[in-house]
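Within every chain, numbering begins at 1; the chains are lettered A, B, ... in the order of the sequence lines, protein sequences first and strands thereafter.
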There are 2 protein chains.
Amino acid sequence: MTATIEHVAKLAGVSKATVSRVINGVSTVSEENRNKVKKAMKELNFVPNLTARNLRNQRTGNIAVVVPEVGNAFFSRLVQSMAIEAEKQGYQLLICQSRYKHEQEVNYLNFLKTKQVDGIILAAVRNEWEVIETYLASGPIVLCNETVQNATVPVISPNQEYGGYIAAKHLLEQGHTKIAYCMGGDDSKTGLLRKKGFLKAIQEFDLIFDEKYYFNSETPQTGSGFEDGRVLFYQIRNMTEPPTAIFTGSDEVAVGIITEAKKFGWNVPNDLAVIGFDNQPLASIIEPSLTTVDQPIDLIAQKAIKVLIEKINEGTTLKYENYEFPLELIIRESTIKTRIPTVFS
Amino acid sequence: MTATIEHVAKLAGVSKATVSRVINGVSTVSEENRNKVKKAMKELNFVPNLTARNLRNQRTGNIAVVVPEVGNAFFSRLVQSMAIEAEKQGYQLLICQSRYKHEQEVNYLNFLKTKQVDGIILAAVRNEWEVIETYLASGPIVLCNETVQNATVPVISPNQEYGGYIAAKHLLEQGHTKIAYCMGGDDSKTGLLRKKGFLKAIQEFDLIFDEKYYFNSETPQTGSGFEDGRVLFYQIRNMTEPPTAIFTGSDEVAVGIITEAKKFGWNVPNDLAVIGFDNQPLASIIEPSLTTVDQPIDLIAQKAIKVLIEKINEGTTLKYENYEFPLELIIRESTIKTRIPTVFS
DNA sequence: CTGTTAGCGCTTTCAG
DNA sequence: CTGAAAGCGCTAACAG
C-alpha cells in the first residue's frame, strides 16, 4: 500500500540501512547513493512511518496538555499559545480536555505509560498528588496555571495570590468595606490562592471578611460563565445587606453580573463595583468597561512548553521548581465611581 | 524500565501470546492462566505500549481535526464537541491549528501518511482540492463547515447559503434597502456561499447589491474579531451614503460594530441594524441584544466524527456526500427598530 | 486452550 | 562508506 523503507531500498538498489541514513541525515552516505535514494523516495512518494520510528526510538515527539475544556476563553488562548511554541520546538501538542473529571485526567496521564506522549502539562488538576506522582516514572509532568499540594515537579503559573491581593486592595482603596469574593466552582488550588491574597489585603485594611460574601459558582461547565454571573447577581440582590463590590474569578462571570445588574437598574460601579480576571477582549468592550486582572497567558504557555521539553531532554528526576509570573491590575470603569449628580450639586 | 508483555509472560509463567489474549479479551484463556496474568500485570504495573500495538495493528485510534485556531469561539466549541464524541467512539482527537496557513494544513495532512492518525477532519481549508486529494490514499478525509471545489469526500456543514439568505431576507423585510455584507478575511467557500444566499434574497426583493457595501475584514487572525468590527464601523461612518443595515460573518465582529457605533452616538438598530453569525452567549448579553444566525455546532461536530469513523471502518474509497444542517435566525433587538419618540408625539 | 513463530517499519550496532 | 542482522513491543496465524 504505502511505500516503506524497504521498497525504497530495493528501488534504489541499496540496503534499508542506507535509506535510513539519508532520511535522518546522519553518518555519511556517498553522494551517489544519496541521490539514488532521494530519487526513489520521490518516485514512491515515500514518507516514513512515524509509529515505527517511535517504537524504535522510544520517543514520540508528542506532548499533551490537559485542560478542563477549550471552550473556555482562558484555556483556549493558553493552548493556542502552547501549540505554537511546541511546534517551534519540533513537538506536536495534543490538546486533552478533562472536563473537570478525575477519571479523564487519569486517562490522559496514561498517555505517558502507553508511550503516546513524551511528557504532559497539567493545566487543571483534580487528582491528588499521590495519584499523579505514580505517572512520573513514565515521563515528565509539569503543572501550569495550577498548583497541587506536595507537587514535586515544576510549576509554571501566574502569582494567583498576588492577583487576589491587588484586586482586593484596589477595591479597598476605593473605599469599599463590604466586598464579595467569588471563585469558580472547581475545587482547585487556584481559587484558594487568590482568596488568600484577597484576605491578606482585607487584613491590611484592618477589616474582617464576612463569609456571607463568599460565593462559589458551582457549575464551571454550564457553559458561558455569563450565566453563572447572572445567577450570582440574583443572590446578591436578595441579600439584606448586599456587598458594594465583588471580585470574580473570570471576566465572563463579571460580565454576567454587570449585564444583569444593569437590567435591574443598578449602577455599576456606583451600586456595585465589579472586578473580573483575565483581561479578555470582551472586558474593554462592555459598558461599563471592566476592571480586571491581566494574565500574561502567552508567556506562561511558552514557558510551560519550554520547561517540559527541557525536562524531557534531561531525563533526570523532577523536583519542585516555581516559575512565577506577575499579574497586573487593569483599571477600567467598573470600579471607579462616577460622580453622581445630586439635587444639591 | 517500564514492564512489557514479555515481563508479564515470564512472571505469570505463560507465553506472550497468552498475555496478549487476556489484554485484548479475545479468544479463550483458561480461568487459571487469566488470573495468573492479571496478577502479574498488576504486580508489574503493566500498561500496553500503544506505539507497538499501533505499528502491529496498522491503526492508531487517533483522528485529527484541523481548525484555523482554537482561540476562535466558534471553533473552540466545535472541537470541544468533536472531542467528546470521538472519545465516546473510542478515538482520541488531535486538535491541530493551521493558523490559516497552507503549509500548516499540509503538515497536518501528512499525519495520514506518517500513520499518526486514522483519519482527518478539515474544518478550514486553504489548499486546493488537487493538493488534498493526494492524501486520500493514506486515509479518509472529511470536510466540516467548509466546502471545496471538486471535493470527492463527505461534507458536513451548515447550509451557509441559507444562512446568508435568511439574514438578508430579515433585513429586507425590515424595510432596509442599503444593506452591507461583511465576510471574514479568509478566502474560504464559506463566505462565498453566504454571500450567494444574501444576494438571492436581495434579488427576490428586486434590488441590486451595490458593491460598495461589500466589506472584507482582512485580518481574521488579529485576535478578537471585535477589533475588526470597530475598524469596519469607521469605514461605514466615513461613507457618504452609509448602509442602514449590515450582515457580518461573526458575532464578534457584530459586537465590535455595535459598541463602536454606540460610542459615536449611533442608535442600533435605528441608525444601523446589525446581524451576527453564530449565536454565541455574548449575543444575548450585549445591548442591544444581537440578532444572529444560530448554527447547530454540536450536531455538526458529532456528525463529522461519526461520518469519519464510519469511513475509517469501511475503508472504501470516498465520494462526495452532503450532510447539510439547517440554520436558524435568532431575532433580537439589533435589527428591530424601536419607535423613536419625536417632538410631535 | 496454549506456545511458537513471524513480522509491523524503522534504526543501529557491528563487521566488512 | 555500506550491508546484515537484531530488535523496539505487540498481535495473529498456525500448529499442537
Side-chain angles (χ1 to χ4, degrees), chain A residues 1-38 40-41 44-62 110-118 138-139, chain B residues 1-38 40-41 44-62 110-118 138-139:
Chain A
M1 172 93 233
T2 332
T4 75
I5 212 174
E6 182 145 23
H7 301 134
V8 176
K10 207 156 285 174
L11 182 59
V14 298
S15 73
K16 293 194 297 175
T18 300
V19 177
S20 173
R21 289 189 184 106
V22 331
I23 292 172
N24 295 288
V26 307
S27 118
T28 41
V29 178
S30 72
E31 192 66 24
E32 187 192 342
N33 277 344
R34 160 170 277 103
N35 288 334
K36 281 198 288 187
V37 169
K38 283 191 170 168
M41 293 203 306
L44 294 172
N45 212 339
F46 170 82
V47 175
N49 178 321
L50 283 200
T51 304
R53 179 185 285 178
N54 290 346
L55 176 59
R56 173 63 223 224
N57 289 347
Q58 303 285 52
R59 78 179 283 285
T60 66
N62 294 151
N110 251 316
F111 280 15
L112 278 178
K113 290 200 180 173
T114 60
K115 305 294 179 203
Q116 297 187 87
V117 302
D118 300 334
S138 313
Chain B
M1 174 92 233
T2 330
T4 75
I5 215 174
E6 182 145 24
H7 300 135
V8 176
K10 208 157 281 174
L11 182 59
V14 297
S15 73
K16 291 194 297 174
T18 300
V19 176
S20 173
R21 288 195 264 255
V22 332
I23 292 172
N24 294 289
V26 306
S27 112
T28 41
V29 178
S30 73
E31 192 66 24
E32 188 191 341
N33 275 346
R34 162 170 275 105
N35 287 333
K36 281 199 288 190
V37 169
K38 283 191 170 169
M41 293 203 307
L44 294 172
N45 214 337
F46 170 82
V47 175
N49 179 322
L50 285 200
T51 304
R53 178 186 287 177
N54 291 345
L55 175 58
R56 175 61 223 225
N57 290 347
Q58 301 286 55
R59 78 178 282 285
T60 66
N62 294 151
N110 251 316
F111 280 16
L112 278 178
K113 290 201 181 173
T114 59
K115 303 294 179 203
Q116 295 187 89
V117 301
D118 301 333
S138 314

Beyond-backbone contact of B:V14 with B:V29, side-chain heavy atoms, under 4.5 angstrom: no
Close N or O pairs between protein and nucleotides 7-9 of chain C (under 3.5 Å):
from	atom 1	to	atom 2	distance (Å)
C:dG7	N2	B:R56	NH1	2.9
C:dC8	O3'	B:Q58	NE2	3.2
C:dC8	O2	B:R56	N	3.4
C:dG9	OP1	B:Q58	NE2	3.2
C:dG9	N2	A:A52	O	3.4

Kindly write out the residues that satisfy side-chain hydrogen bond (donor to acceptor under 3.5 Å, both in side chains) with [X], not counting sequence neighbours, or none if the list is empty.
X: A:N110; result: none
X: B:K16; result: none
X: A:D118; result: A:T60

Give a yes/no answer on whether the side chain of [X] brings an N or O atom under 4.0 Å of OP1 or OP2 in [N].
X: B:N24; N: D:dT11; answer: yes
X: B:S20; N: D:dA12; answer: no
X: A:T18; N: D:dG3; answer: yes
X: B:N33; N: C:dT2; answer: yes

Sugar-phosphate, base or nothing in reach of B:V19, heavy atoms under 4.0 Å: nothing
What is the separation between atom [atom1] on [X] and atom [atom2] on [N], rounded to the nearest whole Å?
X: A:N35; N: D:dT2; atom1: CG; atom2: P; result: 11 Å
X: B:N54; N: C:dC10; atom1: CG; atom2: P; result: 15 Å
X: A:K115; N: D:dC8; atom1: NZ; atom2: P; result: 14 Å
X: B:K36; N: C:dT2; atom1: NZ; atom2: C1'; result: 11 Å

Worked verdict on B:T2 versus B:N49 for side-chain contact (heavy atoms from CB on, under 4.5 Å): CA-CA 9 Å; B:T2 330; B:N49 179 322; over 6 Å; no
Steps toward side-chain contact (heavy atoms from CB on, under 4.5 Å) verdict (A:K113, B:N45): CA-CA 10 Å; A:K113 290 200 180 173; B:N45 214 337; 3.4 Å; yes
N/O donor-acceptor pair under 3.5 Å between A:T51 side chain and B:K115 backbone: yes
A:E32 side chain to A:S30 side chain, donor-acceptor N/O pair below 3.5 angstrom: no
Bend angle of the helix from C:dC1-D:dG16 to C:dG16-D:dC1, end axes from five pairs each (to 10°): 40°
Detail all sub-3.5 Å separations between protein N/O atoms and N/O atoms belonging to nucleotides 13-16 of chain D.
none

Worked check of side-chain contact (heavy atoms from CB on, under 4.5 Å) between A:R53 and B:T114: CA-CA 10 Å; A:R53 179 185 285 178; B:T114 59; over 6 Å; no
Pair A:N62-A:F111, side-chain contact (heavy atoms from CB on, under 4.5 Å): steps then yes or no: CA-CA 10 Å; A:N62 294 151; A:F111 280 15; over 6 Å; no
Candidate pair B:T4 and B:E6, rule side-chain hydrogen bond (donor to acceptor under 3.5 Å, both in side chains), full reasoning: CA-CA 5 Å; B:T4 75; B:E6 182 145 24; 5.1 Å; no
